[in-house]
There are 2 protein chains.
Amino acid sequence: MGGDNAPRMVLRGANIARKRYPDAEFMLFGDEAKLRPPMRRLPFLRKACSIYHTDEVIADDTKPSQALRSGRHSSMRKAIDAVRKGEAQGLVSAGNTGALMAMSKVVLKALPGIDRPAMASFFPTLKGESVMLDLGANIECSAKNLVQFAVMGELFARTVLGRLQPTVGLLNVGSEEIKGIDSVKEAASLLRSGHGMNFQGFIEGDDIAAGTVDVVVTDGFSGNIALKAAEGTARLYSEFLRQAFKTSVVAGIGYLLSRRALNKLRKRVDPRRYNGAVFLGVNGVSVKSHGGSDAFGFATAIGVAVDMARNGFVDNMKREFETPAAAEPPKARAAAG
Amino acid sequence: MGGDNAPRMVLRGANIARKRYPDAEFMLFGDEAKLRPPMRRLPFLRKACSIYHTDEVIADDTKPSQALRSGRHSSMRKAIDAVRKGEAQGLVSAGNTGALMAMSKVVLKALPGIDRPAMASFFPTLKGESVMLDLGANIECSAKNLVQFAVMGELFARTVLGRLQPTVGLLNVGSEEIKGIDSVKEAASLLRSGHGMNFQGFIEGDDIAAGTVDVVVTDGFSGNIALKAAEGTARLYSEFLRQAFKTSVVAGIGYLLSRRALNKLRKRVDPRRYNGAVFLGVNGVSVKSHGGSDAFGFATAIGVAVDMARNGFVDNMKREFETPAAAEPPKARAAAG
């Protein structure tokens, strides 16, 4: 029931996703009276869904703590409960991000060895696609948190993006060793001294879109700002491009001739193709769709959840953090030994 | 002598700037043997410059502390000294950023009432131009630092961008009051309760390019990452656009017809038009050009220094920080009273 155009957008998105994943089944949580009518026109979805009625909804401005206290019968909470009970293999919501993170954390619980689950998303780069985390779940992060983000992101790149040996970089303000916040510098030395991943050291903001690494690791404050700064710049560029074609008749004809090519460009940077931020580190698949997404974008977010469920992402994560190399920074292990 | 193509690029840039500012005079610090030959072809500059010979140069990989200790006879240091002595009204360098900031701070000194000078730059937005600070001079910042950045940035927007009542925003991860780092939240409440500026509260990463405010205030870590993330995205978009026009003959013809319009777009986002990061809060005008800039970009950076010198920016800043409203957060004043 969450998002700007729910539940219609959500239903249409599920219909598209069902076409793509013919063996997927959907549990829909929400107001039955609002869900039934639009479903008549959605043949793929109709065959493969069951409705679980609730008329409670977490509003966009509900604080996470409030959602936890009084949102037990909300559509969002019921979807999370279904994942906890194993009735669903994953959940997708376009609703209140803070509430979704808080409820996912409390209901699904963090996996053993993970102190702070993190929000991750993938995005287009000059070389293809990369993943970045954290995007806002943890405003301030210790070196240990950052190391765990690196391990989670690396597994995500292997499992969902299909990279064999994903490269990992720590976002910083300079590539020299001397620069940056203490926690970032400490995380770099921990990652260098163990964890067996393809760690590339520090990267800078412009390396994100360049695709210098497959996995960009940062705290939730910088990650959120970097992601949104990039989104804003893409929007600025699109708007300037649109205006440029309007400056003359000749340019207008040029636009008509290049339209097909420009549509390809649009498709490459289409945010709907990168919809679906994943809440990594909890015991279950929890995916956040952009609230303003349309059905096509929501289907992408569902696809992320399906991929993670099919690839046994959560079980892989459990295994990853069972080995002490990933769960504990080498220093701590040395001290314990 | 700093930058990728120095000193030729610097000299050609000064030549362009001299055409634009016919009453500007240049003091050139560097190796006379390298400066003389290219100058023969630069008629505007030749009439208006004097060379101060030194064969010492701060290398790109010199650490700031090392530059301070052993760079007393370097071209960069001598240019800063000229500003300190009042022989020059401002300096522009394309060299080592860390060294330039450290030497500007130690030689020119922070203005009374300013704890930490900050790096600021302006950039294109949907609404025109905005300024952001800090861009990397201060990795970790207190609420008081952020408030001082806001005051400095607001003055810069008034003096250099010509805004009458610049709007100011604090970069954060959400617009709700509850979110964000303590120092950012505290800075917001300080700015709300005084300082007489047009403070708009929190903004997010996508507000930067949207031009939601004239002055974006943030710590040097997030600011540096946001600026470079935006630069990287602009480069990605340009590259995708270039590739799109190459996909077919028709698109190629479309490109030819739209070329003039696309050049306008290119001009609007041309980083050379936004070259020149300013080190605000020191007792003198110190401008950093991008190291990879060409002569056109370097001329822009010189233009920023000229504008600041002409508008008496540093004197305005001194006056601004003499009034207790700007120099001290209201809380501290209340405690003192």
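Letters A, B, ... mirror the listed sequences (proteins, then strands); counts begin at 1. From a predicted model like this one, the values you see are computed outputs, not experimental measurements.
No part of A:Asp207 comes within reach of chain B, as not one of its non-hydrogen atoms sits under 4.5 angstrom from that chain. The contact between B:Tyr255 and chain A is made entirely by backbone atoms, counting heavy-atom distances below 4.5 Å. Looking at B:Ala210, neither its backbone nor its side chain comes within 4.5 Å of chain A, counting heavy atoms on both sides. With a 4.5 angstrom heavy-atom cutoff, B:Asn263 does not touch chain A via any of its atoms. The parts of B:Ser238 that come within reach of chain A are both its backbone and its side chain, each placing non-hydrogen atoms under 4.5 angstrom from that chain.
Side chain to side chain, B:Ser104 and B:Ser286 meet the donor-acceptor criterion of an N or O pair below 3.5 Å. Between the side chains of B:Thr62 and B:Asn96, no donor-acceptor pair of N or O atoms lies under 3.5 Å. Under 3.5 Å, the side chains of B:Asn172 and B:Glu204 contain no donor-acceptor pair of N or O atoms. Inspection of the B:Asn275 and B:Thr300 side chains reveals no N or O donor paired with an N or O acceptor under 3.5 Å.
In terms of heavy-atom pairs under 4.5 Å with chain A, the best-connected choice from B:Thr218, B:Leu241, B:Ile208, B:Asp219 is B:Leu241. Heavy-atom pairs under 4.5 Å with chain B were tallied for A:Asn224, A:Leu227, A:Val184, A:Asp61; the largest tally goes to A:Asn224. Note: B:Ala230 leads B:Ala230, B:Ser248, B:Pro124 in heavy-atom pairs under 4.5 Å with chain A. For the options A:Arg268, A:Arg259, A:Lys264, A:Glu140, heavy-atom pairs under 4.5 Å to chain B are most numerous at A:Arg268. For the options B:Glu239, B:Gln243, B:Glu231, heavy-atom pairs under 4.5 Å to chain A are most numerous at B:Gln243. In terms of heavy-atom pairs under 4.5 angstrom with chain B, the leader among A:Gly136, A:Ala226, A:Ala251, A:Ala234 is A:Ala234.
How far CZ of B:Phe279 is from CG of B:Leu135: 11.5 Å, rounded to the nearest 0.5 Å. The CD1 atom of A:Ile203 sits 6.5 Å away from the OG1 atom of A:Thr212 when rounded to the nearest 0.5 Å. The distance from atom CG of B:Leu236 to atom NZ of A:Lys127, rounded to the nearest 0.5 Å, is 12.5 Å.
When atom types are taken as modelled, the side chain of A:Asp294 and the backbone of A:Phe296 share a donor-acceptor pair closer than 3.5 angstrom.
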